[in-house]
Amino acid sequence: MHPMNMYMVPNPGIPGCPPGLEYLTQVDQLLIKQKVELIEALAGFESNNKYDIRNSMGQNVFYAVEENDCLTRQCCGPLRSFTIRVLDNIGQEIITVNRPLKCMSCFFPCCLQELEIQAPPGNTVGYVLQQWHPFLPKFTIQNEHREPVLKLQGPFCGWSCLPDVDFEILTMDEVGIGKISKQWTGLLREAFTDSDNFGIQFPMDLDVRMKAVMIGACFLIDFMFFESNN
């Protein structure tokens with residue numbers, strides 16, 4: 001990677017901030033770009049997802065890699081369980097995102113989607129829980145004590161009808177404070193791969209733990225609504 005495209009995140013240590021997340025205190029938006037896998041595009045063979053996480057200037061600040069086995073990926077597809085490890089530019093794991101295997105149907109709300117986000121690994125900072133709704137994608141963002149903190153809501157039929165899709169970040173009083181946006185990546189890329197671009201916008205002063213949870217929520221949205229075996 002060209003050195004001009006990489007941002008070496010300083011690590012001064014901030015009281016109350018999980019180690020490794022110091023850079024998130026300085027940003028109010030991130031771009032998450034899924035890497036295109038050639039074998040997946042040409043042969044339809046599902047590979048582990050990989051993502052670059054960039055700042056508003058396009059510099060890589062983190063990268064993320066999915067971990068699971070080949071059988072799980074091929075048999076379960078977008079429903080699959082996973083562990084996604086978010087690493088800084090020196091290869092240190094700073095966020096771990098765990099998704100258990102659960103069903104995904106708006107008509108059977110007995111086993112809804114859930115994520116656990118740890119930062120650093122082993123220290124839970126929050127959860128993303130799907131809320132049942134027959135038409136709208138809805139989620140509750142919880143802190144480490146499983147107390148509701150924020151909401152996340154997508155548009156009706158948005159993942160299949162629109163090229164750009166916004167999932168609104170809301171307070172518990174339904175006030176919008178940010179969004180996770182799936183961005184159009186071009187006809188050929190959309191048609192032959194499931195590689196997507198996402199933007200995350202949140203308040204600069206949002207709890208850094210919740211910023212880490214929003215990164216995890218972005219991965220869940222990708223798998224639930226935009227990951228497909230093309």
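In this text, all values refer to a predicted model and were calculated from it rather than measured experimentally. Positions are given from 1 along the sequence.
How far CD of E114 is from CG of L220: 10.0 Å, rounded to the nearest 0.5 Å. Put simply, CG on N48 and CZ on F82 are 11.0 Å apart, with the number rounded to the nearest 0.5 Å. Atoms CD1 and SG, on I180 and C218 in that order, are 5.5 Å from each other to the nearest 0.5 Å. Interatomic distance, CD of E22 versus CD1 of I94, reported as 8.5 Å (0.5 Å rounding). Here L31 contributes atom CG and I53 contributes atom CD1; the two are 10.0 Å apart, rounded to the nearest 0.5 Å. To the nearest 0.5 angstrom, I117 atom CD1 is 11.5 Å from E144 atom CD.
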Query raised in the report: When you look at R146 and L129, which way does the side chain to side chain contact (heavy atoms under 4.5 Å, CB included) test go after all the steps?
Result: CA-CA 10 Å; R146 288 196 172 272; L129 277 72; 3.9 Å; yes
Exercise. Please assess L30 against F202 for the test side chain to side chain contact (heavy atoms under 4.5 Å, CB included), listing each intermediate value before the final yes or no.
Key: CA-CA 9 Å; L30 293 168; F202 37 55; 4.2 Å; yes
Worked verdict on E67 versus I84 for side chain to side chain contact (heavy atoms under 4.5 Å, CB included):
CA-CA 6 Å; E67 283 189 4; I84 291 181; over 6 Å; no
Exercise. For side chain to side chain contact (heavy atoms under 4.5 Å, CB included), just list the numbers for E168 and L152, CA-CA rounded to whole Å, side-chain angles, deciding distance to a tenth of an Å, and then say yes or no.
Key: CA-CA 6 Å; E168 297 292 333; L152 189 61; over 6 Å; no
inquiry  = Checking D88 against Y23 for the side-chain hydrogen bond (donor to acceptor under 3.5 Å, both in side chains) test, could you report, in this order, the C-alpha distance in whole Å, the side-chain angles of both residues, the deciding distance, and whether it holds?
reply    = CA-CA 10 Å; D88 61 20; Y23 181 70; over 6 Å; no
| query | What do the steps show when you test F167 against F225 for ring pair (Phe, Tyr, Trp, His ring centres under 6.0 Å), and what is the final call? | reply | CA-CA 11 Å; F167 288 73; F225 304 116; 5.6 Å; yes
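Summarising the geometry of V97 relative to I95, their closest heavy-atom pair is CG2-CG2, 4.1 Å, with the distance given to 0.1 Å. In plain terms, the two heavy atoms of A64 and V86 that are nearest each other are CB-CG2, 4.0 Å. When all heavy atoms of P18 and A119 are compared, the pair lying nearest together is CB-O, 3.4 Å. Taking each heavy atom of S81 and P100 in turn, the nearest pair found is CB-C, 3.8 Å.
Residues N197 and Q34 have side chains that never bring a donor and an acceptor to within less than 3.5 angstrom of each other. Remark: the E93 side chain and the T96 side chain contain an N/O donor-acceptor pair separated by less than 3.5 Å.
Using a 4.5 Å heavy-atom cutoff, the side chains of T140 and V128 are not in contact. The shortest side-chain heavy-atom distance between I32 and I200 falls under the 4.5 Å cut-off. No side-chain heavy atom of I221 sits under 4.5 Å from any side-chain heavy atom of V165.
In this structure Q29 satisfies the side-chain contact (heavy atoms from CB on, under 4.5 Å) test together with S56, Q201, sequence neighbours excluded. Here T124 pairs with E116, Q118, Y127 under the side-chain contact (heavy atoms from CB on, under 4.5 Å) rule; sequence neighbours left out.
Side chain of N143 to backbone of E147: a donor-acceptor contact under 3.5 angstrom is found. At distances below 3.5 Å, not a single donor-acceptor pair connects side-chain atoms of S181 with backbone N or O atoms of Q183. No donor-acceptor distance shorter than 3.5 angstrom exists from the side chain of N60 to the backbone of F62, with no hydrogens or angles considered.
A salt bridge links K151 and E174; the closest N-O separation between the charged side-chain nitrogens and carboxylate oxygens is under 4.0 Å. D166 and K179 are joined by a salt bridge, as a carboxylate oxygen and a charged side-chain nitrogen come within less than 4.0 angstrom of each other.
Grouped by direct or indirect side-chain proximity (heavy atoms under 4.5 Å, Ile/Leu/Val/Met/Phe/Trp/Tyr only), L170 sits alone. Taking Ile, Leu, Val, Met, Phe, Trp and Tyr as members and joining any whose side-chain heavy atoms lie under 4.5 Å apart, directly or through other members, V175 forms no hydrophobic cluster with any other residue. In the hydrophobic clustering (ILVMFWY side chains linked at under 4.5 Å, chained through shared members), Y63 is joined by V65, L87.
Residues M172 and I141 do not share a hydrophobic cluster, defined by chaining ILVMFWY side chains whose heavy atoms lie under 4.5 Å apart.
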Counting only pairs under 3.5 Å, give me each side-chain donor-acceptor contact of residues 203-216, with atom names and distances, residues two or more places apart or in other chains.
| unit_1 | atom_1 | unit_2 | atom_2 | d |
| --- | --- | --- | --- | --- |
| D207 | OD1 | R209 | N | 2.8 |
| R209 | NH1 | G16 | O | 3.3 |
| R209 | NH2 | G16 | O | 2.7 |
| K211 | NZ | L24 | O | 2.7 |
| K211 | NZ | V27 | O | 2.8 |
| K211 | NZ | M204 | O | 2.8 |

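In this structure, the ring of Y51 has its center no less than 6.0 angstrom from the ring center of F198.
Of the listed residues (R99, Q131, Q130), just one forms a side-chain hydrogen bond (donor to acceptor under 3.5 Å, both in side chains) with Q113, and that residue is R99.
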